[in-house]
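Reading through the structure tokens given below for one structure.
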Amino acid sequence: MTTVGFIGSGQIGSAVARLAIEAGHRVVLSNSRGPETLADLITELGPQASAASSTDAAAAGDIIVVAVPVRAFPRLPAAPLVGKTVIDTCNYGPERDGPIPELDDKSLTSSALLLRYLPDAVLVKAFNNIFFKHLLSLGRPVGAADRSYLPIAGDSTEAKATVAEFIDSIGYSVVDTGPLADSWRQETSTPVWGAPYGPYSEEEGRPVGANAIRAALARATR
């Protein structure tokens with residue numbers, strides 16, 4: 001059983017936490033408002049879930065899921081994440097985060113920006129390209145003909161293997177898109193972002209195989 005620490009417990013964070021619980025993992029959730037505000041979610045998730053401060057969740061996790069607005073990057077707890085595998089689920093939205101010139105002119109990926117604040121963490125980009133309701137509904141067992149794939153990017157082969165194993169445990173396979181510098185291929189408004197799994201109006205989503213994910217990634221332009 002893996003302990004997964006969550007910094008951010010919004011739609012994607014809580015969706016990944018639910019799937020992790022169903023797969024037999026333990027989760028430690030946090031948000032910016034304090035652990036007491038997560039009481040209802042913890043009760044719903046059951047005894048394998050607990051709430052903590054962001055610093056304590058980061059310290060507790062074998063794997064860490066960061067699911068926060070980009071504007072919150074400067075407030076992340078860097079010290080407890082040194083050497084840890086961190087799944088970066090974050091998407092930049094200037095209407096929410098405010099303008100960030102290096103992201104607006106695409107000279108920097110959001111993952112590269114996150115690394116500025118977590119320089120000693122080992123980042124893997126994942127879960128940022130799928131609607132949270134689709135993520136909850138499309139998981140399938142290993143070997144299922146309609147198993148869906150998620151893209152991941154990162155610089156560490158070991159960390160990507162760890163994340164792929166975790167993603168496999170919660171019902172998905174992965175397409176390795178290469179180094180973190182190529183994570184722009186799965187960022188907001190790229191062909192692989194959202195659309196392959198169906199429109200938001202279809203809450204169950206549509207299964208997507210590896211070839212479709214690779215084709216969408218290949219169509220991405222900057």
Joint cluster assignment, [X] & [Y], ILVMFWY side-chain distance < 4.5 Å:
X	Y	value
Leu150	Phe132	yes
Phe131	Trp193	yes
Leu138	Leu136	yes
Leu76	Ile100	yes
Leu118	Phe127	no

Got [X] and [Y] here, is their nearest side-chain heavy-atom distance under 4.5 Å?
X	Y	value
Thr188	Tyr92	no
Val4	Val16	no
Phe166	Ile170	yes
Tyr197	Leu135	no
Val174	Val163	no
Ile7	Pro77	yes
Val142	Asp168	yes
Lys106	Trp184	no

- Message: For Arg18 and Leu45: C-alpha separation, side-chain torsions, deciding distance, then whether side chain to side chain contact (heavy atoms under 4.5 Å, CB included) applies.
- Response: CA-CA 7 Å; Arg18 290 177 193 278; Leu45 292 176; 3.6 Å; yes
Shortest non-hydrogen contact between [X] and [Y], atoms and distance:
X	Y	value
Val68	Gly8	CG1-CA, 4.0 Å
Ser169	His25	OG-NE2, 2.9 Å
Arg96	Asn91	NH2-O, 2.6 Å
Pro207	Asp146	CB-O, 3.3 Å
Leu81	Ala58	CD2-CB, 3.5 Å
Pro179	Ala153	O-CB, 3.7 Å

Expected output: side-chain [X] to main-chain [Y] donor-acceptor under 3.5 Å:
X	Y	result
Gln186	Val192	no
Tyr172	Ser148	no
Lys133	Gly205	no
Thr89	Val66	yes
Asp155	Leu180	yes

Just list the side-chain donor-acceptor pairs under 3.5 Å for residues 212-221, sequence neighbours left out, or say none.
none

Run the salt bridge (Lys or Arg N to Asp or Glu O under 4.0 Å) test against [X] and tell me which residues pass, sequence neighbours left out.
X	value
Asp120	none
Glu202	Arg206
Arg116	Glu102

- Quick one: do the Asn211 and Tyr149 side chains pair a donor with an acceptor below 3.5 Å? no
- If you draw a 6.0 Å radius around CG in Asp40, do more than 12 non-hydrogen atoms from other residues or ligands fall strictly inside? no
- Just wondering, are more than 12 heavy atoms of other shown residues or ligands nearer than 6.0 Å to CD in Glu36?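 Correct, the count exceeds 12.
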Output the distance between atom [atom1] ([X]) and atom [atom2] ([Y]), rounded to the nearest 0.5 Å.
X	Y	atom1	atom2	answer
Thr109	Asp88	OG1	CG	8.5 Å
Ser9	Ile42	OG	CD1	7.5 Å
Ile152	Asn128	CD1	CG	12.0 Å
Phe73	Leu114	CZ	CG	4.5 Å
Ile64	Ile87	CD1	CD1	9.5 Å
Asn31	Thr37	CG	OG1	3.5 Å

- Query: How would you list, by chain and number, every residue that makes a side-chain hydrogen bond (donor to acceptor under 3.5 Å, both in side chains) with Ser137, sequence neighbours excluded?
  - Reply: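 Per chain and number, Ser137 pairs via side-chain hydrogen bond (donor to acceptor under 3.5 Å, both in side chains) with no residue.
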- In chain order, what residues pass the side-chain hydrogen bond (donor to acceptor under 3.5 Å, both in side chains) check against Ser54, with sequence neighbours excluded? Ser30
- Item | Mutual orientation of the aromatic rings belonging to Tyr200 and His134 [parallel < 30°, tilted 30-60°, perpendicular > 60°] | perpendicular
- Message: Under a 4.0 Å threshold between the charged nitrogen and the carboxylate oxygen, would Glu187 count as salt-bridged to Lys125?
- Response: no
- Stepwise side chain to side chain donor-acceptor pair (under 3.5 Å) check, Thr190 with Arg185: CA-CA 6 Å; Thr190 60; Arg185 292 186 177 276; over 6 Å; no
